[in-house]
S.K.: 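My questions all concern the structure below.
Here is the naming used below: chain letters follow the sequence lines, and residue numbers restart at 1 for every chain. Predicted model, so just to flag it, every value in this text is computed and none were measured.
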There are 2 protein chains.
Amino acid sequence: MSRASDRAYNHIRSMILSGELQPGSQIREEALAELCGVSRTPVRDSLRRLEAEMFVRRNDSQRSFVANWSLDDLEDAFQLRAMLESYAAKRAAMRITREQLARMRIHNAQLKQAVDAVHPDVPRFIDHNRQFHAIILEAAASERLTSMLAQVTEQPVVLRTARQYDLENLRRSHHEHDELLIAFENRDGEWAAAVMTAHIRRAFHAYAEAHSTDTEIGKTDLAA
Amino acid sequence: MSRASDRAYNHIRSMILSGELQPGSQIREEALAELCGVSRTPVRDSLRRLEAEMFVRRNDSQRSFVANWSLDDLEDAFQLRAMLESYAAKRAAMRITREQLARMRIHNAQLKQAVDAVHPDVPRFIDHNRQFHAIILEAAASERLTSMLAQVTEQPVVLRTARQYDLENLRRSHHEHDELLIAFENRDGEWAAAVMTAHIRRAFHAYAEAHSTDTEIGKTDLAA
DNA sequence: GTGCAGCTTATTGTATACAAATGCCATTCG
DNA sequence: CGAATGGCATTTGTATACAATAAGCTGCAC
């Protein structure tokens with residue numbers, strides 16, 4: 001982390017994810033270099049990486065822009081995520097350890113608490129949800145899969161405002177996680193994969209519905 | 001293509017795929033820079049890209065190495081490829097044009113000729129096969145999918161010596177392609193996806209079998 | 001007033017110099 | 001004799017300078 005290159009990468013990436021760098025806006029190496037307090041060299045390194053991860057795009061005259069996804073792109077990403085994460089579940093079912101299962105149960109209990117409390121804490125839910133899924137990926141033990149999933153899982157925050165999923169949906173996630181845990185305990189990869197597919201698809205539909213009703217955000221952010 | 005950076009990228013990539021740069025061997029920026037006739041800067045750019053595409057790996061002290069895949073990694077790649085390419089087939093079924101179908105038929109006829117001739121021409125088969133699959137990807141029209149598939153489709157040549165698939169297997173590929181074409185004509189995405197899954201899986205099994213009997217290459221190339 | 005030409009400016013590409021870090025080897029001390 | 005340590009060599013990281021390219025603008029001609 002002490003490398004300027006890594007700092008620049010993380011900085012830029014988080015600026016994209018947080019929406020600080022707006023989708024579609026042009027990126028100038030010099031400007032980012034000043035922002036990160038480094039020279040253009042590490043910024044360029046970072047841009048190449050982010051480009052490969054499709055967070056950054058370039059036009060034919062080598063100008064860089066923050067990726068701006070259409071709703072189609074987004075649905076495509078969710079489809080890919082459903083497939084990849086189901087595959088992860090299948091692999092994980094064969095390899096997962098008791099210790100990993102225990103950690104998953106903890107996170108699942110925590111995310112349940114987060115939405116069942118009198119004052120629901122959605123960010124906390126999101127965090128434990130993320131960790132729950134991360135353990136599956138860890139158990140799947142495929143570097144390639146991990147890097148591919150990163151590309152379709154992390155998305156700019158402007159496209160998934162925190163309050164968008166209603167609590168009912170969040171609670172259903174919790175129950176689907178329960179079912180995943182049972183599938184893992186039985187080391188039933190097919191079952192785990194099927195549950196995961198349903199889980200991700202449902203999440204997307206909830207998401208798409210929330211956005212189709214929210215015409216204001218939908219119109220402005222999802223326009224090409 | 002006139003950019004030194006692109007030239008370096010293509011050069012290094014092809015050296016990896018051809019086996020000229022052996023899996024596991026260390027990469028020194030300076031050496032590659034001389035080889036490509038450029039400075040270290042574009043070489044570094046290329047290495048970052050190739051790293052993101054998992055053709056190049058780095059240890060914890062920032063040294064780069066040509067990726068060296070285990071048999072497990074390879075099977076993993078094929079599984080991913082089966083999923084991704086099935087998804088491509090599904091998308092393609094909805095979008096493919098008459099013109100694209102026509103081109104696919106031409107390539108399929110050509111690859112049939114290549115293996116049915118008195119002197120079978122395996123490289124020619126491979127080329128038309130590649131183009132056949134490329135058209136499906138083109139019809140699927142998903143950039144993300146395209147870049148992901150590139151990572152699991154292109155592999156060092158040392159791991160797939162030209163003669164490895166016997167002609168019988170190649171002919172079966174031709175017939176599976178025929179079935180894909182019918183599925184596309186009927187715009188039946190599920191069918192196309194199912195055929196594609198079977199197609200890729202069979203190809204992997206033929207491949208794995210050829211390699212398990214060829215202990216010499218298997219031992220030397222697939223060792224960690 | 002409109003369109004094109006050429007220049008000006010902004011931005012990226014490349015090379016090089018130097019700094020930092022890593023690995024290797026030899027030397028020394030227990 | 002083995003392990004630890006210090007310094008040297010190799011390799012990568014970063015900054016900067018300059019070259020090349022593309023965009024934008026100004027002014028001229030029609």
S.K.: Sequence neighbours left out, what passes side-chain contact (heavy atoms from CB on, under 4.5 Å) with B:R187? Give chain and number order.
M.R.: B:I96

S.K.: Any ion pair linking A:E51 and A:R58 (charged N to carboxylate O, less than 4.0 Å)?
M.R.: yes

S.K.: List the residues meeting ring-ring contact (aromatic ring centres under 6.0 Å, His included) with B:H128, not counting sequence neighbours, and say none if there are none.
M.R.: B:H107

S.K.: Using a heavy-atom distance cut-off of less than 4.0 Å, which residues of residues 31-44 of chain A contact DNA chain D?
M.R.: A:V38, A:S39, A:T41, A:P42

S.K.: For the pair made of CG in B:D45 and C1' in D:dT12, what is the distance, rounded to whole Å?
M.R.: 15 Å

S.K.: Round to a whole Å and report the spacing from CG of A:D6 to C1' of D:dG13.
M.R.: 11 Å

S.K.: With the threshold set at 4.0 Å, does a side-chain nitrogen-carboxylate oxygen contact exist between A:R44 and A:E29?
M.R.: yes

S.K.: In plain terms, say whether A:E185 and A:R98 are close enough for a salt bridge, that is, a side-chain N and a carboxylate O under 4.0 Å apart.
M.R.: no

S.K.: Quick one: B:E51 CD to D:dG13 C1', roughly how many Å, whole number?
M.R.: 14 Å

S.K.: Can you sort out the partners of A:R28 under side-chain hydrogen bond (donor to acceptor under 3.5 Å, both in side chains), two or more places apart, ordered by chain and number?
M.R.: none

S.K.: Answer yes if the side chains of B:S173 and B:R202 hold a donor-acceptor pair under 3.5 Å, and no otherwise.
M.R.: yes

S.K.: For B:Y9 and C:dT14, what is the distance between atoms OH and P respectively, to the nearest whole Å?
M.R.: 15 Å

S.K.: Strictly by modelled atom types, are A:Q151 and B:R144 linked by a side-chain donor-acceptor pair under 3.5 Å?
M.R.: no

S.K.: Can you measure A:R7 atom CZ to D:dA15 atom C1' for me and round it to whole angstrom units?
M.R.: 13 Å

S.K.: Taking only N/O atoms, report every protein-nucleotides 20-24 of chain D pair under 3.5 Å with atom names and distance.
M.R.:
{"from": "D:dA23", "atom 1": "OP1", "to": "A:S61", "atom 2": "OG", "distance (Å)": "2.6"}

S.K.: Once you round it to whole Å, what is the distance between P of C:dT12 and CZ of A:F65?
M.R.: 9 Å

S.K.: Counting only side-chain nitrogens and oxygens, does B:Q62 get under 4.0 Å of the OP1 or OP2 atom of D:dG13?
M.R.: yes

S.K.: Let me know the distance between CD of B:E29 and C1' of D:dG13, rounded to the nearest Å.
M.R.: 9 Å

S.K.: Mind checking B:L47 for me? I need base, sugar-phosphate or nothing, with any heavy atom below 4.0 Å counting as a touch.
M.R.: nothing

S.K.: Within a radius of less than 6.0 Å around CD of A:Q22, do more than 12 heavy atoms belonging to other residues, nucleotides or ligands occur?
M.R.: no

S.K.: Have a look at the helix from C:dG1-D:dC30 to C:dG30-D:dC1 and give the angle its two end axes make, five pairs each, rounded to 10 degrees.
M.R.: 10°

S.K.: Under 4.0 Å from OP1 or OP2 of C:dT22: is there any side-chain N or O of B:R28 that close?
M.R.: no

S.K.: Is B:R48 salt-bridged to B:E53, cutoff N-O under 4.0 Å?
M.R.: no

S.K.: In terms of the angle between their ring planes, are B:H133 and B:H177 parallel, tilted or perpendicular, with boundaries placed at 30° and 60°?
M.R.: perpendicular

